[in-house]
Amino acid sequence: MQKVRAFMESKVAPIINKYWSEDAFPFELLPAFKELNLGGLGIKGYGCAGGSQLLVGLVGMEMARVDCSIATFFGVQNGLAMESIALGGSEEQKQKWLPPMARYERSAASA
Amino acid sequence: MAAADGALRKIGCFGLTEPLVGSGAAGGLLTTAKREGHTWVLNGQKRWIGNSPWCDVSVIWARDVADNQVKAFIVENKTTPGFSVEKIQNKIALKVVQNGQICAQGRSGTGGKPPPERQLVPRYRKSVAPDPLRRGLGRGRMPDGRLRARGQIRTGAPAVRKADRLVPARSGPARQDAWQRHGIPGMVVRAAQLEAQGKLTDQHAAVAKAFTTARTRETVAWARELLGGNGIVADYNGRAVLRGCRGPLHLRGHVSDAEPDPRQGHHRPRRVRVNKTDRGLRPDRRRPCPP
């Protein structure tokens with residue numbers, strides 16, 4: 001939670017107005033975003049971060065505290081797309097999609 | 001951006017909402033899915049799909065023409081023939097999120113291979129019900145909670161005397177403050193507890209989302225009022241520190257992102273659905289409406 005808050009305040013807040021005004025997504029933030037290791041928060045296994053749904057909500061809250069759009073980006077990737085696959089996907093689909101989708105957080109460590 | 005070790009980086013999106021029926025999963029989805037041999041063929045349009053203009057994989061909801069059930073399909077955006085995304089331009093809210101209008105016509109998988117798509121989540125409601133709760137937390141509600149709107153705007157100037165407050169202490173802002181500090185967090189935390197116990201129903205989720213979105217819109221309206229003209233200036237958010245804030249309060253995020261958010265349209269349909277369910281009636285079946 002503190003990492004998320006620090007990320008939002010130190011990395012997102014200074015630049016997000018520019019992107020907001022330009023209708024653009026801040027791809028430059030993705031490497032630092034990945035280092036938060038939030039991939040698959042609330043999902044067990046498949047390289048996902050795990051944790052409770054309450055934690056997912058609290059993390060989203062911290063993001064939205066600074067910028068609603070970043071919270072939405074995270075919510076779509078994590079809650080909607082990944083969780084749909086985790087809940088209803090076949091074993092094959094989970095193996096194929098969840099690890100790389102979760103790893104998007106981690107791959108930045110080497111990016 | 002690609003990692004040196006070749007690790008994939010996959011970003012996803014969630015394609016439920018349609019131009020003509022909104023998020024009409026309960027009955028109105030017009031996008032169809034048809035099984036043809038080893039592949040599924042999807043036809044239809046989706047709108048307001050966040051991340052879709054640039055992401056790698058989409059979860060697309062469509063009605064199976066064989067059994068009329070709404071099912072979810074995994075579609076690879078960049079390699080699927082007939083799958084195109086047009087970025088929605090000129091938004092006035094949540095501008096950083098790239099929303100797209102998706103047009104799916106034709107095959108969603110290559111012939112001859114085993115189907116990459118298959119039925120995902122028939123238990124749609126169960127999977128989606130908790131989401132509004134997380135959204136309720138994640139949509140900027142709590143920062144509003146720090147809007148201790150006692151009429152004392154701190155912009156570097158000394159706090160005004162009680163008698164000179166811009167807004168009476170016990171008027172709308174104070175009420176909104178209570179909602180944001182206690183009402184909304186209490187509701188979503190309780191819902192998360194119910195979910196953990198396996199007791200969360202669709203009605204719980206619908207009420208929570210309706211409540212949080214309605215209260216938040218009221219709050220941002222008050223935030224706008226408190227800031228006067230500066231409430232519409234994006235650059236002003238850093239200055240918009242109200243009494244009680246621990247950090248910069250992004251009024252831009254509140255005023256403009258919360259008010260016209262397309263998802264706020266969920267509010268009334270959800271109320272209807274809950275009311276009907278409470279009366280023992282069939283939950284709302286959305287009808288197509290003109291764009």
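Numbered from 1 within each chain, the chains take letters A, B, ... in sequence-line order. Hydrogens, waters and symmetry mates are skipped; everything else that's a heavy atom, side chains included, is used.
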A/W97 and B/E76, any side-chain heavy atoms less than 4.5 Å apart: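 Yes, their side chains come closer than 4.5 Å.
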Close side-chain approach of B/I11 and A/M101, heavy atoms under 4.5 Å: no
Atom CD of B/E86 with >12 non-hydrogen neighbours under 6.0 angstrom: no
Atom CD of A/Q2: over 12 foreign heavy atoms under 6.0 Å: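 Counting neighbours around CD of A/Q2, 12 or fewer heavy atoms of other residues, nucleotides or ligands fall under 6.0 Å, so no.
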A/D23 to B/N90 - nearest heavy-atom pair and separation: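 Closest pair (atom of A/D23, atom of B/N90, distance): OD2-N, 3.9 Å.
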Nearest heavy-atom neighbours spanning A/A81 and B/C13: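 Minimum heavy-atom contact is CB-O, 3.7 Å.
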CD on A/Q77 to CZ on B/F14, rounded to 0.5 Å: 13.5 Å
Gap between atom CZ of A/F27 and atom CD of B/Q98 - 0.5 Å precision: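 If I round to the nearest 0.5 Å, the distance is 6.5 Å.
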